[in-house]
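In what follows, a structure is listed as structure tokens, so that the remarks can point back to it.
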Amino acid sequence: MKREKVDVLVIGGGAAGMAAAVQAANEGVKTVLIEREKKTGGVLNQCIHNGFGLHVYRKELTGPEFMEELWKELAETDVLVQSNETILQVLPKEKEVIAQSSEGMKIYEVGSLVLTTGARERPLNSLMIPGTRVSGVFTAGVAQKMVNIYNRLPGKRVLIIGSGDIGLIMARRLKIEGMDVVGVVEIRPEPGGLMRNVVQCLEDFDIPLLLSHTVTEIHGRERLEGVTIARVDESFNPIQGTEKFIPVDTLVASVGLIPQNELIEDFVEMDYINRGPVVDEFMRTSVDWIFAAGNNVAIHDLVDFVYEEGKIAGKYAAKVAKGEKLPEAVYRFNRGKNVGVMLPQKFTATQPFRMYIRPKKTLEKAELRISKESIRKYTWKLRPSQMIDFIFREFESLEPENRVIEIEVIEIE
Amino acid sequence: MKVFVIGTGVVGSLIARELSKYDIELHIVEKKPDVAWGVTKANSAILHAGYDDPPESVRAKFCSKGNYLYNKISKELDIEVKRIGSYVVAFTEEEINTLEKLQKQGEINGVPDLEIIERKELLSREPNLNPDVLAALWAPTAGITEPWEVAIAAIENSVENGATLHLGEEVIGIEVKNGKVKRLITNKAEYEADVIINAAGLFADEIAKMADSEPVFEIFPRKGEYILLDKKLGNLVNSVIFPTPTKKSKGILVLPTADGGLLVGPNAQDLPPDKKHDLTTTKEGLEEVKKGATNLVPNIDFWYAVKTFSGLRPETKEKDFIVGKTSVWGFVNAAGMRSPGLTAAPAVAEYLVEEVLIEELGISLNKKKDFNPFRKRIPHIDETSVEVWDELVRENPKYGELVCFCNKVSEAQIVEAIKRGARTLDGVKFRTRAGFGRCQSGFCSLKIIEILSRELGVSMEEIKMNSENSWIMNGKVRV
Ligand SMILES: Cc1cc2nc3c(=O)[nH]c(=O)nc-3n(C[C@H](O)[C@H](O)[C@H](O)COP(=O)(O)OP(=O)(O)OC[C@H]3O[C@@H](n4cnc5c(N)ncnc54)[C@H](O)[C@@H]3O)c2cc1C
């Protein structure tokens, strides 16, 4: 079996992984980027709508265009890109990684590791909706791939479940391609995706959005024949008597993304709200040579932030591979009121860093408090569908004896 | 001698394989487009030890013997059998009494090494059990397998030994002359027949009616719903965990699956005889399953659910197997194969051939000299070492190209499954585990459709999920 020594091994060639690899290589270390699909790019490959790159490249790009910018960056480095290769296992004691490809099995001995494996779509099956198991039920990503890459339609008449951005974009896409899109149902009282997408994908195309609704039963014997939908109460339980049968042959589900951390979750500290590893501002996990960035750390809204995280992870992973010792992350954030997804969870307090928070619920106006002190005010509406980001530099107020810092988003008048 | 086996569930398949040892003309007839898509596709997949069945029942006659025979067939047919043992757990004194009764019953049935384990020892072996348990009946010979794989393997081996497999062919009539089997009629052809074996699962009553044979019986579907959970929870229990059984059923269990996931279920709901296609899951049923499972293992996090499904038990009024000859010479039943039918199947197969056909009906069967008892499974990386896989890839680089990431299935395995008869997504899934995992085929379904279409030389639109009308794609977006 082949063995190979590398300084920085980046697992996953999406936006975060490509950015991490570029940055690591720019630090002058031997960097290998592994991608299990035929080509790098990850979900960017599928996202042929625009809205990417405003922060990073200062222009509005489609997914593939953003990807091409990244390829250009990669081409200027010595990064060795290995696509069609899958990492099967990370061995934490040995600092080794087992890979599989058509060349055989391979063991990498690594200096440091950056995990950028992204997220997978939550399958509808896992929601345990009663009914039959029929063909015609797809995740939004599969429907998207079918249309964009395989040039095939998933059916004739479709209902979308879940109003995340992918769901909204697929509603429009399938309508444009000639399918009868009967609507989008969303269990929450407000859309899951960006407002801009609600307008551009649904309203402009007369596609109804049914808020506080869900699918309660799947019908059909072989191919989908219809679904029952119902209104839900505040605790998301279907309200009796509001059930309605909707005849459709296709159900497209956009019911969430699940960060993929199977390779490391058994031995790094995990955050079960983010469903990703606990990281510090260097994107370092609880194992000091394993870094992580992108959607496997927490689900992000914008590729631009994922890119930035990748750069940070790549930079510090390279330093660790070179034998540099990074300061210890001695401070920890404690989630206070209304704080959902949050990163980083730990920090060293040696330099300002960008912080991301997803409010747990919609807040008309709010302020961000650190250890009860207000540091920022939001005079606009905050929604769970939109992460807030800010630079954390409030180090003066930190007291060395108090290393757990409470962070909250409080509703104000 | 022309022998027909109706049905390719685990029962029909193992009977066919037993028959393929003899010099006969053997036909296997299955109405579905693939093997093992009936009861065998959805059940608990347990090789029961054999203490449940009343000693005077037909079930008892075959269960522990079948369990034992899996030692041999798992080697010959290269199928996964994990002898992980089972516990029946008791929460009250009364239930402990039942455990003792079960232990005695098991000893009469010939079940080896049964033992009652006290709470402390039990919790050290199964730390995630409800701490209120008092004791459990331990049965080390209980195991788990993949029932469809047993059937697939047995059919492959039968065909290798000369049997003819008729898929997508439904038996619609049986002609009897002078009290003897004469002809088998299907929706496609008519065949002269000497012996017909009825292993038609839920539909065995309809077949028996076609032959107008006695015993007369009816099959009632009895639904069981399940929740399958992610491999992450596969280590919550090490063995099969049963509650103490009631008169009605063995109860809702918690067990690891052969490929490393966690399975909970089934409940038991009696359906009318015309509901033999009702594989729906229900809200109430799934709630019942959750409740039953968390009563045994409290900290199951259902966020990790992968999917739900249900199976139909082919139940008879007597709740027992109907195995043996009938009033029509040459027409033989292997019906009412409710649980522990999977476990009993190898013993039923041996009995039907050696006792019923040869002894009772006096048919002289000669063993083939060149019978090949061996069949090899499609290799799976979880069941081999990295070094062995490395060699495989060097011989065929397609073993290195992963298609299903969750269950680590390569293109070579999928192509091999197609060579062995897979024509649909389910055909590939049940032969390779591709698409069985946590993403529920989100990453691989389209790639598998592409491979199926390429290997079979048909368009992608023609690839189905399983049955005739389960189409997946609806024509081109742009021509
Ligand atoms: C919920 C549940 C849990 C169970 N758990 C266990 C367990 O843990 N352990 C255990 O030992 N047993 C268990 N069992 C029982 C076990 O699954 C069955 O005994 C076994 O699978 C039955 O196999 P079979 O071959 O008789 O039926 P099937 O698998 O249904 O095979 C019958 C075949 O006949 C075909 N057929 C029907 N009619 C025709 C026709 N007219 N022409 C041609 N073909 C026809 C069908 O399509 C089908 O493929 C369970 C069953 C259920 C439902």
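Sequence lines set the chain letters: A, B, ... in the order given, protein chains first and strands last, and positions in each chain run from 1. What you see is a predicted model, and the numbers here were worked out from it, not measured in a lab.
- Using a 4.0 Å cut-off between charged side-chain N and carboxylate O, Arg223(A) and Glu468(B) make no salt bridge.
- When heavy atoms are compared at a cutoff of 4.5 Å, Tyr304(B) approaches chain A solely by way of its side chain, counted from C-beta outward.
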Lys447(B) vs Glu37(A), side chain to side chain contact (heavy atoms under 4.5 Å, CB included): CA-CA, chis, key distance, verdict: CA-CA 11 Å; Lys447(B) 291 183 203 167; Glu37(A) 297 283 356; 3.1 Å; yes

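- Gln100(A) contributes a side-chain N or O that, together with a main-chain N or O of Tyr399(B), makes up a donor-acceptor pair within less than 3.5 Å.
- If you take OG1 on Thr139(A) and CD on Gln440(B), they are separated by 11.0 Å, rounding to the nearest 0.5 Å.
- A distance of 6.0 Å separates CG in Leu153(A) from CG in Asn474(B), rounded to the nearest 0.5 Å.
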Please evaluate residues Met465(B) and Glu222(A) with respect to the criterion side chain to side chain contact (heavy atoms under 4.5 Å, CB included), reporting the C-alpha separation (whole Å), side-chain torsions for both, the decisive distance (0.1 Å), and the verdict. CA-CA 9 Å; Met465(B) 179 163 112; Glu222(A) 300 179 53; over 6 Å; no

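- Interface residue Ile381(B): only side-chain heavy atoms are found under 4.5 Å from chain A.
- Here the straight-line distance linking atom OG1 of Thr308(B) with atom CG of Asn125(A) works out to 7.0 Å at 0.5 Å rounding.
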Any chance you could lay out the side chain to side chain contact (heavy atoms under 4.5 Å, CB included) test for Val142(A) and Ser445(B), step after step, and finish with the verdict? CA-CA 8 Å; Val142(A) 171; Ser445(B) 55; 4.2 Å; yes

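- The side-chain heavy atoms of Arg438(B) and Glu262(A), taken from C-beta on, include a pair separated by under 4.5 Å.
- Contacts with chain A were tallied for Gly285(B), Gly400(B), Ala412(B), Ala305(B); Gly400(B) has the most, counting heavy-atom pairs under 4.5 Å.
- A heavy-atom distance below 4.5 Å is not found between the side chains of Val477(B) and Tyr150(A).
- Contact annotation for Lys156(A): both backbone and side-chain heavy atoms come within less than 4.5 Å of a heavy atom of chain B.
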Show your working on side chain to side chain contact (heavy atoms under 4.5 Å, CB included) between Trp303(B) and Ile258(A) and close with a plain yes or no. CA-CA 11 Å; Trp303(B) 187 85; Ile258(A) 302 177; 3.8 Å; yes

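- Remark: Lys275(B) NZ is loosely packed, at most 12 non-hydrogen atoms of other residues, nucleotides or ligands lying under 6.0 Å away.
- Both the backbone and the side chain of Leu446(B) come within contact range of chain A, judged by heavy atoms closer than 4.5 Å.
- Residue contact with chain A, scored on non-hydrogen atoms closer than 4.5 Å, is absent for Glu411(B).
- Of all heavy-atom pairs spanning Ser135(A) and Trp471(B), the tightest one is OG-O, 2.7 Å.
- Both the sub-6.0 Å distance and the 45° axial angle are not jointly satisfied by Arg120(A) relative to the ring of Phe443(B).
- Both the backbone and the side chain of Thr132(A) come within contact range of chain B, each with at least one heavy atom under 4.5 Å from a heavy atom of that chain.
- Under a 3.5 Å cut-off, the side chain of Thr281(B) and the backbone N or O of Gly131(A) do form a donor-acceptor pair.
- Contact of Ile149(A) with chain B is not made at all, since no heavy-atom distance falls under 4.5 Å.
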Go through the steps to decide whether Lys232(B) and Glu265(A) satisfy the test salt bridge (charged side-chain N to carboxylate O under 4.0 Å, His left out), and finish with yes or no. CA-CA 10 Å; Lys232(B) 197 163 158 58; Glu265(A) 66 188 355; 3.7 Å; yes

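- Pairing each heavy atom of Met105(A) with each of Val386(B), the nearest pair is CG-O, 3.6 Å.
- Your options are Met128(A), Arg36(A), Glu103(A), Lys2(A), and the one with the most heavy-atom pairs under 4.5 Å with chain B is Arg36(A).
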